[in-house]
Amino acid sequence: MGVTATRTFSALALAATAVVGTASQASAEYDDSKTVWTTDRCGSLEFVDYGEGEPGGGPDDDYMLVRDHCDDGFHVRGDVWVGWSWYGVAYQRGGPSAAPLYWDPFAEEEDELVAGSRFGFPVCLVDPTAPDPGYLGFNCTNAEVTMVDG
Ligand SMILES: [Ca+2]
Ligand SMILES: [Ca+2]
């Protein structure tokens, strides 16, 4: 299914939802959402298959939320890979009182997730005092999703 078709369907489904006043799932036939936690559960990285997206940004399809659950001085790092391509990294530096960090590595049309897209998203803690710029972090856990639909 093409991008335009998906977006159009999303808009129609949203309109239908508004009319009947239910909070049922809007566009995704299958909800591929998944959350992965660091081994100590102090950091999490959530893939949201369909939702509100950035506050004030309107409905959005496919994005990540990075959360820090512990006031331990460590930050939380999330990465996204699609196949062998690295889609980037995001850091939650705000601590547990901060709003979840919204991150959309799939925003460009060529980066859009489609049915069958297989992607991985590891989450790690990072020590902000670590000197090594190539430092990946610790207490990492990886998650993988193969999209049932876009
Ligand atoms: Ca989606
Ligand atoms: Ca922390």
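Only a predicted model underlies this, so the values are computations on that prediction, with no experimental measurement involved. When a ligand or atom number is given, it counts from 1 through the structure's own listing order.
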Would you check if Phe106 and Val80 make a side-chain contact, meaning some heavy-atom pair closer than 4.5 Å?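 Yes, close enough: below the 4.5 Å cut-off.
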
Quick one, Val76 and Arg67 - any side-chain contact, counting heavy atoms below 4.5 Å?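 No; the side chains remain at least 4.5 Å from each other.
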
Residues two or more places apart in sequence or in another chain: which of them pass side-chain contact (heavy atoms from CB on, under 4.5 Å) with Glu108?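 Glu108: side-chain contact (heavy atoms from CB on, under 4.5 Å) contacts with Glu110, Asp111.
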
Restricting to side-chain contact (heavy atoms from CB on, under 4.5 Å), what partner residues turn up for Glu54, sequence neighbours left out?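 Partners of Glu54 under the side-chain contact (heavy atoms from CB on, under 4.5 Å) test: Tyr102.
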
Three-point angle Asp61:OD1, the Ca ion (ligand 1), Asp62:OD1, rounded to the nearest 10°: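 An angle of 90° at the metal.
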
Out of curiosity, Leu101 CG to Leu65 CG, how far, rounded to the nearest 0.5 Å?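 These two atoms lie 8.0 Å from each other.
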
Within 3.0 Å of the Ca ion (ligand 1), is there any N, O or S atom belonging to Leu113?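 False for Leu113.
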
The Ca ion (ligand 1) to nearest N/O/S of Asp49 below 3.0 Å: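 It does: Asp49 brings an N, O or S atom closer than 3.0 Å to the Ca ion (ligand 1).
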
Residue pairs, two or more places apart or on separate chains, that pass disulfide (SG to SG under 2.5 Å) and touch residues 119-150: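 Only Cys124-Cys140 qualify under disulfide (SG to SG under 2.5 Å).
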
Show all protein N/O/S atoms under 3.0 Å from the Ca ion (ligand 2), or state that there are none.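 Correct list: Asp68 OD1, Asp68 OD2, Cys70 O, Asp72 OD1, Phe74 O.
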
Angle between ring planes, Phe119 versus Phe121, binned at 30° and 60°: parallel, tilted or perpendicular?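 Because their plane-to-plane angle is under 30°, the rings of Phe119 and Phe121 count as parallel.
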
